[in-house]
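Everything numeric here is computed off the predicted structure, so don't read it as measured data. Numbered from 1 within each chain, the chains take letters A, B, ... in sequence-line order.
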Amino acid sequence: MPIARFSWTVRLLLVLASASWSAVACSSDEAVETDSAATMKTSSSSAGQAPASGDPDRTEPAVEDRLALTDETLEEYRRDLLTLAYRTASALPLQPHVKTRSRAQQSVVEACLELGQLRRAETVAAGIEHWRQGMALALLGTELARQGRPVEVVEPWLERASRNAEAQARQPNSQAWRRERVRARIAQAYRLLGEAEKVATFEAGIQGSESGRLLAGRAEVMEREQVLATIDSFESLLAAGDLDQVRGALKGFERFYGRFYEEDVIREALEVTIQASWKKVPREVAIDTLMGFAEIALAHGDSDRALSHVGEAQQVFDAAVWLPEHRVPRMAEMAEFRHRAGDVETARQGLEAARAIYDAERAKIVDIDRAGALRPLAEAYQSIGEPGVAATLYRRAIEDGNRNPNSRPRAEDLCATCLSMALHELEPDATLWARLKQVFDALAEPW
Amino acid sequence: MKSCVSKAVLGTALVGLALLGVAGSSQAAEIFVISDISTSTTWTANNTYNLQQQIYVLPGATLTIEAGVVVASTTNLGGSLAVTRGAQIFINGTKDKPVIMTSKADVATWTPLGSHPTGGNPKTGAWREAANEWGNLTIMGRAYIAENAIGSNVPTCNANNVADMEGLTRGISTDRYGGGNDDDDSGSISYLSLRYGGKVIGLNNELNGLSLGGIGRETDLHHVEIMNNVDDGIEIWGGTLNLQYISIWNVGDDSFDVDQGWRGQAQFGLIVQGYSLDAAQGSGVGDNAIETDGAEDSDWQPVTTATIYNFTVIGQPVDGDGLTAWRDNARVQYRNCIFMDCGEQVIRFDNLDGDGANGYGFGGTLSWPATWATAYNAAPPHANDCPPSVYQAQSDGNLADIRDSVFYNNQNAAAYTEAENIGGSGLNIFTASGYDNVKEPGTSPIVSITRGGVVTRGGKLMVPVVGLNPLPNGSGRNSVNFAPDNGFFRSHKYRGAFGPNANLWTGNWTAATAFGFLNSDANYCDEGNGLPGLNGEPLLSGSGVPAGGNTITLQLRKGRANAAATWIGGLGRIDLPFKDGVIVPALTFLLSIPLDGNGNRDLPIPLPASLPVGLKVFGQVAIVDTSNPKSFSFSNAISFRAQ
C-alpha cells in the first residue's frame, strides 16, 4: 500500500471480538475424566475463581497424550488426601494469590508424581496459572523420561512446558529465572531421553541461579571418566562458583554416589571432596548432602557408613545456633534416619528431644511456621512405626497451622499436611478426616 | 476483602481501621489506620488512608492496595507501613492510576478535585523542600542475607542468619528479616510513588523511602518512584529481588543503596540527586547516587553481586558526593548507563562502610583492584574468598565493572581519578579494551536538563534540577552492545533509562511528572512487549495531543534498515502471541509502513474530529527482520487515550 499520503485512511482489516478469539484459543482446563481425575476437579465454589481463559499458549494436549498417562493403584485415603490438598491449593483466590496458589498446586503435582499418579498430576498441572504450570509440565515430562517412556510420549509435555515458559517470559516485567528454571528441567528430561541436541537447545543461555540445576542433571548420565574429572574440579568450582552451582554440584555428587557406590575409588573420593564445601555453603545444604549420602549408603545395606554420614551431619548441625522452626525438623529428619539405620535408641531420644524443643519453643515460633516444624516430626514417628504418635502430631500440626486469622497460610499448611500424610501413609481416622474437612470448609475471606 | 465505609463500621475483621471523616465524593472516606493489620485487607480507591503510627502487616496477612489509592498520612506524625516476614503486600498501581503514599501536606498542593477522595487531583502538585513528613514502606523477607550484628549469626550463608530492620523498634517478632529462601515471595508492587517520607516515631533514626530486607526473587517490583525522603531512596539488604523502572529524585542520602549481599538485577533507573531539607548531607541533602556495600563483615556470605543496566544517574555538580560508591567487597556491573553532573568522583572507593566492617581484601577476599580484574566466574586467588556469590546475578565480564556507559559533565578535578586508575592498578575504564565507555563527549547524552539557582543546604551548594528531558542524545542514543535478551533485561541498544524518541516510562504516574520536572509527552504509555531485531528492540513512541482534529505522530526507531513493516492499531488489547512476540493491539487497523535507510519511520496521523473522548487506542509495529529466527521483530506497544 502506498504510504505517500499518511492519513486516517488506514485499511480496516480485522475486527476480532475478544469473545470469538477466546473461542479460537481454547482453554486448557478440560480434563480427560477418570475416576481419580474427576475428583480432582475443583468446583467453582471451592476454587473461588475459575482459571483464566483465552490464553492461546494453554492449548489442550492431544487425547492420545493424556491416554499415555496412567495412575498406579493407590489406597483410597491417599487419593482422597491428594484431592483435598489440590482442592485446598485451588481454593486460594487467583487475585492476589496466584503465586501462592501455583506454588501449592505444584507441590501437589510433585506428590502425585512421587506416588505414581501421572494422570492426576497432569490434571492438577492443567489448572495451574502463572509460570508454574510450565514447571509442573516439565516435572511430568521428566518423570515420564525417568520411567523410560519413549520420546514421542514425553515430548508433547515438554513442548507444552516450553510454550508456557516462553509465554510467561513475554509478559511485561517478567523474571528471567522463572523461564530458565523450566528450561533447566526440560533439559534434564531430554537428557534422560538421550536427546543431546535438545539438551543443548534448552540449556543454552541458562545463567545465574538456575545454572546449578544443570550440573545436577548432567550427573545422571555422566560417563565414569567424566565423573572423576568432575570430582577433581570441584575445588575450583567451590572457589569460583556461586552457591547454586555448588549446590547443583553437590546434588550431582549424590547421584554419582548412588551410581558408583560399589566403586571404592569414586565413593571415597566423593566422601572426601564434599567435606571441603562445609565452610562455604549454608549448613542446611551440607546437612542435605550428607543425609543424601546416608540414604544411598543405607540403600546399599551399609548402615555403618550411613550412620557415619548422619554423625557428620549431626556435627554440622550442632555447630550452629538454629531457630526452633529450623531446629525441630532437622532433628526429626536425622532421628528418623537413625532409626531406619538401626540406631533405634539414639533415634527415639532425638525425636523426644525434638518434641520437647517444640513444646518449649513453640511460643517463639510465628504461628504460620509451626505446622512446618511439626510435620517432619509426625513423619518421623510414622516412619518408626508409631502411627498413634504421628497422628497426634498431625492433629497438632493441623491445629497449630490453623491459628492464623488468614486463610492463605492456613491453606498452605492444610495442603502441605495432606500431602505429608499421603506420602507417609498416615490414614486419618474419622475424627481427623472430619477436622481436615472442617478446616478446609473454613477457608474463606480474609485470605 | 474490601474495606468500605459500612464494613469499616460493622466488620470485626477491620480491626485497626477507624472511620473518622468523609472527603471528596459521597462514597469516599478517610480511613485512619490505627493498628496493625493482622487480617488480610484491601485498601480501595474510593477511600484515602492515613497511617497514624508504625503499622505492621503481620505474618500471614496480606495487604492489597488497589490502583489509584492514595495513602496520605498526617504530616509529621510519623505514620508508617512495614510488611513482616510471612506477610505479603500487593500494590496494584497502574500507569493511569498509581498508588501514592505521601503526606497530607503534599496533598494540600494538589489542584482541587472534588470527585477524588483526597479532594485533590493526584496528577498535580508542587514540589516542596520537605521530607520526614511520614514514615516509609518497609518490606521484610526470608532470603539469605549477610549481617554480623546478631550474635548467633555466622559468616557462612545460613537460614538462621537474620537482621533487625533499620528504623523499626517493635521487637524481633516483627522487625527481623532474612532466612534461607532465596525464592521468597513478599508480593508484587507496581506503579508506586513514595513522597516526602523518612520519619521514625520516637527514635533518633531515619527511614529510607523503600526499605527491602531479605526479599526473595519471587517478589515482583517495577515502576516505583521515590520523591524526596530524608534518608536513602531505596535500600536493599541481601536477597535476590530484581527491579525495573525505578525513579529516585531529591532524596536526602544515597539514592540507591544496597548492602548485606544483594544478588539481583536492575534495569531502567532514573536517579536525580538533590536535597529534601536544609539538613546535613545524608539526612536531607543527597549523598552518593548509588552506594553498594558487599556484606557485613566483608568476608561474610552472601556478598553483593549484581548487574545494573540502563540507569541514568544525574548528580549534584558542585557539592554532591560520588555517583557510584564501593564498599566491603561489593561486586556490581553497570552497563549501558549515563553518569553525569557529578560533583565528586564517578567511582568512589570508600572501601569501608563506617559500621565496623573491614573492606575489600579482608580475610583473604579479593582486593579492590583484583575485584575489577577477576572474571565473574573465575576462581579467586584466596582460599577464604568463597564463594563470590550465593546467586550469581552476573553472566559475563568481571565481578566489578562499568562498561558501555557515557560520562558527561563531571567537572570535579578528581571525578575520574579512580575510574582511570582503579586501585592504582592501571586499569582505565575509558581506555581498556572492551569497556566501550565514553568520557566527556562534546554533547550531552540526554536531551536537556534545567537547573535552578544555587542554594546552600546543609552547608552544601545545591543546584536543583527543575526541568529534565532525559531522553538520550548524542552518545546516549546508541550503545555498543545490547542489553541481554534473557526474559528480564530488555534487549535495547542505547544508554540510560530511556530510549531515543521514546515515551517516558515515568509517564503520568510519578510526582516528577506531576510537579512538572519532566519535559516529555505524557500522553502516551509504553506498553512493552517488544521483540528484538537487528538493532535491539525497535522503539515506538507518540507525540502530540491525541484529541479529535489534531494530528499526532508515531515514531518508529531502531528497526531494520529498509525493512517492510506494518503498523498495527487496535481499539483494545489482545496480547496475541505471534512469532515469538506478542501483538498487543486488538488488530483493528493494519498499515504498511516501510522503514527508511536508518530503520526509522515517522507516521503522522490526523485524528478524526469525531474521535470519542476517552477512547483508548493501542499501536505497535511488526517488522520483517531476518536477524530474528522467526523473521520478525516487534516494537514496544504504546497506547493513548483520546482527549
Give, as side chain, backbone, both or neither, the part of [X] having an atom under 4.5 angstrom from any heavy atom of chain A.
X      : result
B:T566 : neither
B:A87  : backbone
B:N153 : neither
B:Q88  : both

Apply side chain to side chain contact (heavy atoms under 4.5 Å, CB included) to the pair B:E218 and A:W131, showing each step before the final yes or no. CA-CA 11 Å; B:E218 186 80 287; A:W131 71 278; 3.5 Å; yes

I need the residue from [options] with the largest number of non-hydrogen atom pairs under 4.5 Å to chain A.
options                        : answer
B:D185, B:T84, B:N92, B:L58    : B:D185
B:V154, B:D220, B:T64          : B:D220
B:G180, B:G151, B:G187, B:P155 : B:G187

Side-chain contact test, heavy atoms from C-beta onward, threshold under 4.5 Å: evaluate it for B:T240 versus A:W177 and give yes or no.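 Counting from C-beta outward, B:T240 and A:W177 never come under 4.5 Å.
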
If only atom types and distance count, is the side chain of [X] paired as donor or acceptor with the main-chain N or O of [Y] below 3.5 Å?
X      : Y      : answer
A:E284 : B:A159 : yes
A:N404 : B:P59  : yes
B:N160 : A:L323 : yes

Relative to chain B, which of A:E412, A:R410, A:R103, A:K364 shows the most heavy atom pairs under 4.5 Å?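 Counting heavy-atom pairs under 4.5 Å, the top option is A:R103.
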
Let's test your reading of the structure: which of A:K99, A:R179, A:Q175 forms the most heavy-atom pairs below 4.5 Å with chain B?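 Ranked by heavy-atom pairs under 4.5 Å with chain B, first place is A:K99.
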
Within this structure, what is the [atom1]-[atom2] distance for the pair [X] and [Y], rounded to the nearest 0.5 Å?
X      : Y      : atom1 : atom2 : result
A:R181 : B:D183 : CZ    : CG    : 4.0 Å
A:Q95  : B:T42  : CD    : OG1   : 11.0 Å
A:S174 : B:Q244 : OG    : CD    : 7.0 Å

Heavy-atom pair of closest approach, residues [X] and [Y]:
X      : Y     : value
A:P405 : B:S38 : CG-O, 3.4 Å
B:T62  : A:P96 : CG2-CG, 4.1 Å
A:I368 : B:G86 : CD1-CA, 3.6 Å

Test item: side-chain donor near acceptor, B:S40 and A:R408, under 3.5 Å: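 No, A:R408 and B:S40 have no side-chain donor paired with an acceptor closer than 3.5 Å.
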
Going through the checks in order, is the side chain to side chain contact (heavy atoms under 4.5 Å, CB included) test met by A:D369 and B:R142? CA-CA 12 Å; A:D369 294 331; B:R142 300 174 187 257; 3.3 Å; yes

